[in-house]
Trainee: 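Let me begin by handing over the structure; questions about it come next.
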Amino acid sequence: MDALTQIMVSAISSGTPLLLAVLGGILIERSGIMQLGAEGLMLMGAVTSCLVFIHTGNGLLAVLCVLAVSGVLGMLHGFLCVTLHANQVVCGLAMTIFGAGLSAYLGKPVSGQPLVGAVPKLHLAWLEPVPVIGNIFAHMDLFTWLSFVLVVAMHLFIHRTSWGLHLRAVGDNPATADVMGIPVVAIRYGCIIIGSMLIGIGGADLLLVYTPTWNEGMTSGRGWIAVALIIFARWNPIRALACAYFFGVLDSLGFRVQLIGSHIPSYFLKMIPYIVTILVLMFLGWRNKNKPSGAPEALGVPYIREQRF
Amino acid sequence: MSEQRTAGSLPIENKGSLRGAGLRLPYRLEIDPAGANSPWWVTVVAIVLALIACGIFISLNGMNPFMVYGKMVKGAFGSTFGLTETLVKAIPLLLCGLGVSIAYRISVWNIGAEGQFVAGAMAATAITVYLPHLPVYLTLPAMVVAGIVAGGLWGLLTAIPRNYFGVNELITSLMLNYVALLALNYVVFGPWKDPKGFNFPGSPMFKAAETLPTFGTTRLHVGLIFAIIAVLVYAFVVRYTRWGYELRLIGANSEAAKHAGIRISRHVLVVMVISGGLAGLAGMSEVSGVAHRLMYGISPGYGYTAIIVAWLAKLNPLGLVVASVLFGGLIVGGYSVQTIGLPSSISSMIQGAILFFLIAGGMAGKLRIRSNR
């Protein structure tokens, strides 16, 4: 494998958890609900998959449990934000703090245990002889393929179907959508639940594929980077793919630089993704000063039928 | 409210012909914008419900929740040692919670108290590492100033992108937490590591002149006085000064404040520096008063707990004192259940659950159930 292929492979493997979380976040925020709890949801997804896989050895069951747990947490977020009209920023923070605490509590007994073989790899032998892409795509795991499918599916769903039109209407102007007979509450609940499941699967991917050992706080801010990536991607699934892999490269950069014998301490290399996140957000803010950011117009504003503030 | 419909809004109520207008229930929920602040018992109910919810997880773990909670209360408040430990933990929570509260007063979401705490702790330690020969009477003041300045600068790093580039301060302050923690790990595993420390990831122990005095033989240190003074100043400034009035005005209605000629961006800068400075002071008092060295994992998440403390206290000074003692007790209680084989992260689980139920309870207090008939 040449250097470029290696960079591509590591970008994809460390970018996939981010990508899944960003896609979930985009779905939720397109419906007008802020999702700042991604970090907590990813941690819960990771710890659930770890516990189930260690106790049963069944990867499929682990994934199903992750879907159930993150779906329930999504329902909780929906109940607070949609039904009770609570402050969506605090709800997200609560989700992160609760998820971090609960996952640390539940995961303590299995902390440090290595896991192998939970997610099968698809070995596509016929792809191998193809130059350049053969080495990259012939040995990828199911989650990575799932993320590719989801990017395309979500793009088509949001921009090409009438359901996607309804979704965008709900996110941009829920009052008008309501008058048009679009079920605002149902769509928001649906998006929050499915989006939370995707974020949970992102956490499961991080644990089962990328770093197959549970440690307290193992996501180390990836959930928050995913929140920032939603802004970089301007709420668009295709751009999310590029952004997630860009951060995948940054994420694996520290490891790579050490491998070639650099003397920069690894701590500084690990800071790069966080600092780049801030710098890119600042750049975007400077460039788009008077332009729309692409955010759904009603993002973060609770919708209460018949009430004006 | 439904009677005051404005001309532009359509009467969509009770029009069965409108397709898919949602589930038809005989009642609906409305938010009363002028709804009173939720009464104190809502907070109590929220805490009780959070304890019940966490009790379910504890029993799933095969433990009796009543026994576990009893053990936590006894560990945190049942002895002089437990009580002083609780107060020791309450000091950083009070200082950080105060910082978070000031920022939240003008709707700035500072969740970077953790990073600002670490920055303050590192700066105070830097004084001991690089200026070991300062006169004895200058050492502690220099450490206090260094801690406050470093925390304040770390807060400024969040305020500048927010003010001039429109970057959400939530993300910036959180990213800076990770940067600060990595910098901490670098110095305690690298240049500042104690050569005589048996490979322990920490700086050398502080000399007597570099440690904060304690009360009697307890571990309770002078940081308590810093925290109390800070709370008193906060209470006075917010209530009786022009600056505090402007903060309250921005918090109540930032649009109106802007039209009244208040420069919000300058307030954001000042408030973030103060907020970070308080967290930095907390970090300084923790290394100098408790740990007596900078070490790996110096904070068990004080910065995050401070968010809940501020929320629980509803930014009220007296409430901040009560909430930080309560959460200090929760942290100490979490340590005390380790003897019966439970992880100390039980306290962070309870903290998160309390925040969830507080939000739900706070909103439930403002909701009115109206009949649709």
Side-chain angles (χ1 to χ4, degrees), chain A residues 36 40 76 79-80 83-87 89-102 104-106 108-109 175 178-179 181-186 216 220-221 224-225 227-228 231 265 267-268 270-271 274-275 277-278 281-286 288-289 302 304-309, chain B residues 1-2 5-6 9-10 12-13 18-23 28-31 33 57 61 109 111 157 161 164-168 170-172 174-179 182-183 185-186 189-190 301 304 307-308 311 342-343 345-353 355-356 358-360 362-364 367:
Chain A
L36 299 173
L76 186 61
F79 176 70
L80 290 172
T83 305
L84 289 185
H85 316 292
N87 185 323
V89 173
V90 196
C91 282
L93 282 181
M95 180 72 79
T96 291
I97 294 175
F98 180 67
L102 183 59
Y105 177 74
L106 295 176
K108 198 77 180 178
D178 198 355
V179 171
I182 299 171
V184 174
V185 170
E216 191 178 326
S220 55
W224 286 98
I225 291 182
V227 171
I231 305 171
Y267 304 102
F268 292 114
K270 283 187 197 151
M271 284 179 197
Y274 309 113
I275 295 173
T277 305
I278 298 175
L281 281 175
M282 283 169 71
F283 172 74
L284 286 180
W286 167 75
N288 297 337
K289 199 137 205 182
I304 305 160
R305 182 184 277 182
E306 281 211 339
Q307 265 194 357
R308 306 179 135 229
F309 283 101
Chain B
M1 285 307 283
S2 55
R5 206 176 279 136
T6 44
S9 72
L10 284 165
I12 53 171
E13 199 63 34
L18 273 179
R19 187 171 48 89
L23 205 60
R28 61 183 190 275
L29 288 173
E30 276 185 359
I31 284 194
F57 284 110
N61 223 340
W109 293 97
I111 47 172
L157 283 183
Y164 302 108
F165 300 93
V167 181
N168 189 332
L170 274 164
I171 296 172
T172 324
L174 202 102
M175 294 292 111
L176 287 171
N177 285 351
Y178 292 102
V179 174
L182 284 165
N185 292 352
Y186 167 66
F189 283 102
Y304 300 110
I307 301 165
I308 312 175
W311 194 254
L342 280 172
S345 44
I346 187 170
S347 67
S348 27
M349 173 177 75
I350 297 174
Q351 287 171 24
L355 187 53
F356 256 130
L358 276 177
I359 297 168
M363 293 314 290
L367 287 175

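Just so we're on the same page: letters track the sequence lines, and every chain starts at 1.
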Trainee: To the nearest 0.5 Å, what is the distance between OG1 (A:Thr277) and CG (B:Leu174)?
Mentor: 10.5 Å

Trainee: Considering only heavy atoms and a distance below 4.5 Å, find which of B:Phe57, B:Tyr304, B:Tyr164 pairs most often with chain A.
Mentor: B:Phe57

Trainee: Less than 4.5 Å to any heavy atom of chain B: does that hold for the side chain of A:Ala186, its backbone, both, or neither?
Mentor: neither

Trainee: For A:Leu36, is it the side chain, the backbone, both, or neither that has a heavy atom closer than 4.5 Å to a heavy atom of chain B?
Mentor: side chain

Trainee: What part of B:Ile350 lies closer than 4.5 angstrom to a heavy atom of chain A: side chain, backbone, both or neither?
Mentor: neither

Trainee: Parallel, tilted or perpendicular: which describes the rings of B:Tyr178 and A:Tyr274, with under 30° parallel and over 60° perpendicular?
Mentor: parallel

Trainee: In terms of heavy-atom proximity below 4.5 Å to chain B, should A:Val90 be classed as side chain, backbone, both, or neither?
Mentor: both

Trainee: For A:Ala86 and B:Ile359, which heavy atoms make the closest approach, and how far apart are they?
Mentor: CB-CG2, 3.5 Å

Trainee: State, yes or no, whether a side-chain contact exists between B:Val179 and A:Ile275 at a heavy-atom distance under 4.5 Å.
Mentor: yes

Trainee: For residues B:Ile111 and A:Thr96, determine if any side-chain heavy atom of one lies less than 4.5 Å from a side-chain heavy atom of the other.
Mentor: no

Trainee: Work out which heavy atom in A:Leu80 is nearest to a heavy atom in B:Ala360; give both atom names and the distance.
Mentor: CD2-CB, 3.5 Å

Trainee: Less than 4.5 Å to any heavy atom of chain B: does that hold for the side chain of A:Lys270, its backbone, both, or neither?
Mentor: both

Trainee: Side chain, backbone, both or neither: which part of B:Leu157 has a non-hydrogen atom closer than 4.5 Å to chain A?
Mentor: neither

Trainee: Name all residues meeting the side chain to side chain contact (heavy atoms under 4.5 Å, CB included) criterion together with B:Tyr186; count only those two or more places apart in sequence or in a different chain, and write none if there are none.
Mentor: A:Pro265, A:Tyr267, A:Phe268, B:Pro191

Trainee: Under the ring-ring contact (aromatic ring centres under 6.0 Å, His included) test, which residues partner A:Tyr105, sequence neighbours left out?
Mentor: none

Trainee: Shorter than 4.5 Å, heavy atoms on both sides: which option in B:Asn177, B:Leu355, B:Leu358 has the most such pairs with chain A?
Mentor: B:Leu355

Trainee: What pair of heavy atoms forms the shortest contact from B:Gly352 to A:Ile97, and how long is it?
Mentor: CA-CG2, 3.8 Å

Trainee: Tell me, out of B:Asn185, B:Asn168, B:Ile308, B:Ile307, who's got the most heavy-atom pairs with chain A below 4.5 Å.
Mentor: B:Asn185

Trainee: With a 4.5 angstrom heavy-atom cut-off, is it the side chain or the backbone of B:Val167 that approaches chain A, or both, or neither?
Mentor: side chain

Trainee: Looking at every non-hydrogen atom in both residues, tell me the closest pair between A:Gly221 and B:Met175 and how far apart they are.
Mentor: O-CE, 4.2 Å

Trainee: Give the minimum heavy-atom separation between A:Met271 and B:Ala183, together with the two atoms involved.
Mentor: CE-N, 3.5 Å

Trainee: Measure B:Ile346 against the heavy atoms of chain A and call it side chain, backbone, both or neither at under 4.5 Å.
Mentor: both

Trainee: Kindly compute the distance separating CG (A:Leu93) from CH2 (B:Trp311), expressed to the nearest 0.5 Å.
Mentor: 9.0 Å

Trainee: Would A:Val227 and B:Ile171 count as a side chain to side chain contact (heavy atoms under 4.5 Å, CB included) here? Give the steps.
Mentor: CA-CA 8 Å; A:Val227 171; B:Ile171 296 172; 3.9 Å; yes

Trainee: When you compare the side chain of A:Ile278 with that of B:Leu176, does any pair of heavy atoms fall below 4.5 Å?
Mentor: yes

Trainee: Which heavy atom of B:Met349 sits nearest to which heavy atom of A:Leu102, and what is that distance?
Mentor: SD-CD1, 3.2 Å

